[in-house]
Amino acid sequence: MDILVNLQAFLATADAAGFSAAARKLGVSTSVVAKRVTQLEARIGTALFHRSTRQLRLTEAGQRYVHRARGVVTDATDLLSRMGEKGHDLVDHLRVKAPTSLTVARLADAFSAFQTQNPKLKLDIVLIDRPVDPVTEGFDIAIGAFPHSFGGVVDEPLCALKRLLCASPAYLKKHGMPKHPRDLVEHRCLSFLPTGPEWIFDGPRGRISIQVSPLLSSNEGHVLARSAMAGNGIALLSHYLVADALRDGTLKPVLRDFPIPELWVKAAIPERRRNAAAVQALLTLLKTSLAPSL
């Protein structure tokens, strides 16, 4: 077990950027953490940290091994908890990457419910609005709607993501309703940063791509929705963000004859973690919470 506790000390030190903070996290003394890291370095024959009186930072080798070490510790912890199970409580430590807007609007409640159901489970929820390789960045599940795929990773579809253009009645009264996607170059546009200013539509004769010059860009959909409600422009948004505003007339659909192609929200999971009980339990809850579409 020495190698496991030494790896845990290494990871805690890397996360906390110091022996003292790592010791507080692990509930041991600073000298114990430092000793465990030194033992690990002696075992592998290379330094994992640059040490100075002012800071502690990972060496190139430390950066190379930290994500693999996290996977080893997670797998070992999962195995030990399964071998010692007396009941059905999940015991694990999941690192989950999730999109900001979707988490704030929908997933936060799902994560809270999951932890309530599994009180022995530790969760790290990291909000990132870009494609993430869960293997190289040390995540058990990476949730997103980008069409990227990575080696050694299994993609689990969660739900369809409906998107549309919308604007306030006041904006449309003042600036007019566009009739074709190309008309958008003359309009004030509000754009979601992660997907960029290239807006794609399904037209009667195929796909249409328009490059807009956004008045406002943000990686947080609620910011764009509020700006659209205030009459500041036409926004391309996920339907779940504006469903209430569309129902009560605060926002109106734009270019309904030119729908935005659907995206799929998916969970990217390292193959070695696919069958972990906690991962499967969280996937089941996410599919139930998000199905059939957003």
Side-chain angles (χ1 to χ4, degrees), residues 1-87 89-97 111 114-115 118-126 128 132-142 150-154 268-282:
M1 294 294 290
D2 284 349
I3 188 65
L4 180 58
V5 296
N6 290 349
L7 284 170
Q8 289 171 328
F10 164 54
L11 293 174
T13 304
D15 291 341
F19 290 133
S20 297
R24 288 193 294 272
K25 180 178 180 181
L26 295 174
V28 297
S29 68
T30 302
S31 61
V32 167
V33 173
K35 180 179 179 180
R36 289 175 180 175
V37 171
T38 301
Q39 287 175 340
L40 182 62
E41 290 174 323
R43 174 72 179 270
I44 64 176
T46 189
L48 296 170
F49 294 98
H50 293 295
R51 295 164 170 82
S52 72
T53 56
R54 301 184 62 181
Q55 65 175 348
L56 193 70
R57 58 189 177 85
L58 287 167
T59 62
E60 183 178 341
Q63 294 173 3
R64 188 164 60 248
Y65 294 136
V66 66
H67 296 309
R68 293 177 65 184
R70 199 181 304 278
V72 170
V73 169
T74 300
D75 288 347
T77 303
D78 181 57
L79 176 61
L80 291 171
S81 67
R82 286 169 181 261
M83 291 171 68
E85 271 184 346
K86 291 190 174 89
D89 289 344
L90 293 176
V91 181
D92 207 333
H93 185 173
L94 295 185
R95 296 190 76 244
V96 180
K97 172 267 177 188
F111 292 140
F114 184 65
Q115 197 151 42
N118 303 283
K120 295 182 180 180
L121 193 77
K122 293 183 180 180
L123 280 178
D124 293 343
I125 309 297
V126 184
I128 302 175
V132 164
D133 181 347
V135 173
T136 60
E137 298 198 39
F139 289 99
D140 299 294
I141 299 177
F150 301 96
V153 173
V154 177
I269 306 161
E271 288 180 349
R272 61 176 177 76
R273 291 288 282 157
R274 183 181 188 182
N275 295 320
V279 169
Q280 287 300 314
L282 181 54

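Fair warning: this is a prediction, and the values are worked out from it, not measured in the lab. When reading the values below, keep in mind they use all heavy atoms of this one structure, side chains included, and skip hydrogens, waters and symmetry mates.
With sequence neighbours left out, Glu60 forms a side-chain hydrogen bond (donor to acceptor under 3.5 Å, both in side chains) with no residue at all. Under the side chain to side chain contact (heavy atoms under 4.5 Å, CB included) criterion, Glu271 pairs with Val154, not counting sequence neighbours. Qualifying side chain to side chain contact (heavy atoms under 4.5 Å, CB included) partners for Val153, counting only residues two or more places apart in sequence or in other chains: Asp133, Pro134, Val135, Phe150, Asp155, Ala268. Not counting sequence neighbours, the partners of Arg272 by the salt bridge (charged side-chain N to carboxylate O under 4.0 Å, His left out) test are Asp75. In this structure, Arg68 has no salt bridge (charged side-chain N to carboxylate O under 4.0 Å, His left out) partners at least two apart in sequence or on a different chain. Partners of Gln63 by side chain to side chain contact (heavy atoms under 4.5 Å, CB included), not counting sequence neighbours, listed by chain and number: Leu58.
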Run the side-chain donor-acceptor check on residues 34-45: report pairs under 3.5 Å with partners two or more places apart or on a different chain.
from, atom 1, to, atom 2, distance (Å)
Thr38, OG1, Ala34, O, 2.9
Glu41, OE1, Arg51, NH1, 3.4
Glu41, OE1, Arg51, NH2, 2.9
Glu41, OE2, Leu48, N, 2.7
Glu41, OE2, Phe49, N, 3.4
Glu41, OE2, Arg51, NH1, 3.1
Glu41, OE2, Arg51, NH2, 3.4

Output side-chain donor-acceptor pairs under 3.5 Å for residues 13-30, partner residues at least two apart or in another chain, one line each.
from, atom 1, to, atom 2, distance (Å)
Thr13, OG1, Ala9, O, 2.7
Asp15, OD1, Arg70, NH2, 3.0
Asp15, OD2, Arg70, NH1, 3.3
Ser29, OG, Ser31, OG, 3.1
Ser29, OG, Val32, N, 3.3

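Interatomic distance, CD1 of Ile141 versus CG of Leu94, reported as 6.0 Å (0.5 Å rounding). The CZ atom of Arg95 sits 11.5 Å away from atom CG of Leu123, with the distance rounded to the nearest 0.5 Å.
Of the listed residues (Ile128, Val96, Ile269, Asp124), just one forms a side-chain contact (heavy atoms from CB on, under 4.5 Å) with Phe139, and that residue is Ile128. Screening Arg273, His93, Arg274 for a side-chain hydrogen bond (donor to acceptor under 3.5 Å, both in side chains) involving Asp140 leaves a single residue, Arg273.
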